[in-house]
Amino acid sequence: MLQSKELSIFEDLVYQATSKIARGKVSTYAQIAKEIGREKSYRAVGNALHKNPFAPLVPCHRVVYSTGRLGEYAFGKKKKMALLKEEGIIISNDQIVDFQEKLFKF
DNA sequence: GTCGTGACTAGCC
DNA sequence: CGGCTAGCCACGA
C-alpha cells in the first residue's frame with residue numbers, strides 16, 4: 001500500500017517478464033502471471049500492462065488471451081494485429097493462427 | 001481500511 | 001459450438 005513513489009514490485013515484474021518475450025512470439029497474461037509468481041493474478045497483469053508506462057518500449061502487443069484471442073490493447077486491436085503480423089504472427093479474425101506454436105514459454 | 005473495476009480465465013448452461 | 005457467470009489479484013479513490 002501507499003507506494004505512490006514508484007511502480008509496485010508486481011508491475012515491475014510484469015514489465016520485465018513481458019520484455020523477455022522473444023520477437024515473433026506471443027505470451028498470455030496467465031503465463032506471465034505464473035512467471036512472476038502470481039499465477040492467479042492474471043487480472044493484475046492486464047491492469048499493469050494497461051497502465052504500462054513503457055508503452056511502446058515493452059512488447060505488450062505480444063501478450064494475448066489464453067484462448068488465442070488478441071485481447072485489448074492501448075493502441076487498438078488493429079495496431080496490435082499489424083505489429084504482430086510484422087513479427088511473423090499471423091492473425092485471423094482477431095485470433096492468432098497456430099497460437100500454441102507461437103506461444104512463448106519462459 | 002473499504003469499494004469498485006480491469007488489456008483475464010476457466011467453467012457452465 | 002457459443003455466450004454468460006463467477007472468481008482471481010492489485011490498484012486508485
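Below, chain A is the first sequence line, B the second, and so on; all start at residue 1. Hydrogens, waters and symmetry mates play no part in the numbers below; they use all other heavy atoms, side chains included.
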Send over the distance from A/Glu39 CD to C/dG7 P, rounded to a whole Å.
18 Å
Sub-3.5 Å donor-acceptor pair from the side chain of A/Ser41 to the main-chain atoms of A/Ala44, do we have one?
no
Regarding the side chain of A/Ser41, the nearest nucleotide among B/dA7, B/dC8, C/dC9 is C/dC9
Return the orientation label for the A/Tyr73 and A/Phe75 ring planes: parallel under 30°, perpendicular over 60°, tilted otherwise.
tilted
Have a look at A/Lys80 and say if it touches a base, only the backbone sugar-phosphate, or nothing, with a 4.0 Å heavy-atom cut-off.
nothing
Heavy atoms under 4.0 Å, any strand shown: does A/Arg38 hit a base, just sugar-phosphate, or nothing?
sugar-phosphate
Quick one: stems involving DNA chain C, counted as three or more successive Watson-Crick or G-U pairs, both distances short of 3.5 Å.
B:2-6 with C:9-13, B:8-13 with C:2-7
Is it the case that the side chain of A/Lys102 and the backbone of A/Gly24 share a donor-acceptor pair, with hydrogens and angles ignored and the cut-off at 3.5 Å?
no
Short side-chain to backbone donor-acceptor contact, A/Lys20 and A/Tyr15, under 3.5 Å
no
Report the distance from atom CD of A/Glu11 to atom P of B/dG6, rounded to the nearest whole Å.
16 Å
Considering only side-chain heavy atoms of A/Phe10, which listed nucleotide, B/dA7, C/dA10, B/dT9, is closest?
C/dA10
If I take atom CG in residue A/Asn47 and atom C1' in nucleotide B/dT9, what distance separates them, rounded to the nearest angstrom?
16 Å
d(CG, A/Leu49; P, B/dA7) in whole Å:
10 Å
In terms of side-chain heavy atoms of A/Lys51, which of C/dA10, C/dG12, C/dC9 is nearest?
C/dG12
A/Ser66 side-chain N/O to B/dT9 phosphate OP1/OP2 under 4.0 Å
yes
Same cluster (ILVMFWY, side-chain, under 4.5 Å), A/Val45 and A/Leu103
no
A/Arg62 side chain vs A/Ile21 backbone, donor-acceptor pair below 3.5 Å:
yes
Would you check if the side chain of A/Asn93 reaches a backbone N or O of A/Gln95 as a donor-acceptor pair within less than 3.5 Å?
no
Return yes if the base of B/dA7 and the side-chain atoms of A/Tyr65 contain a donor-acceptor N/O pair under 3.5 Å, otherwise no.
no
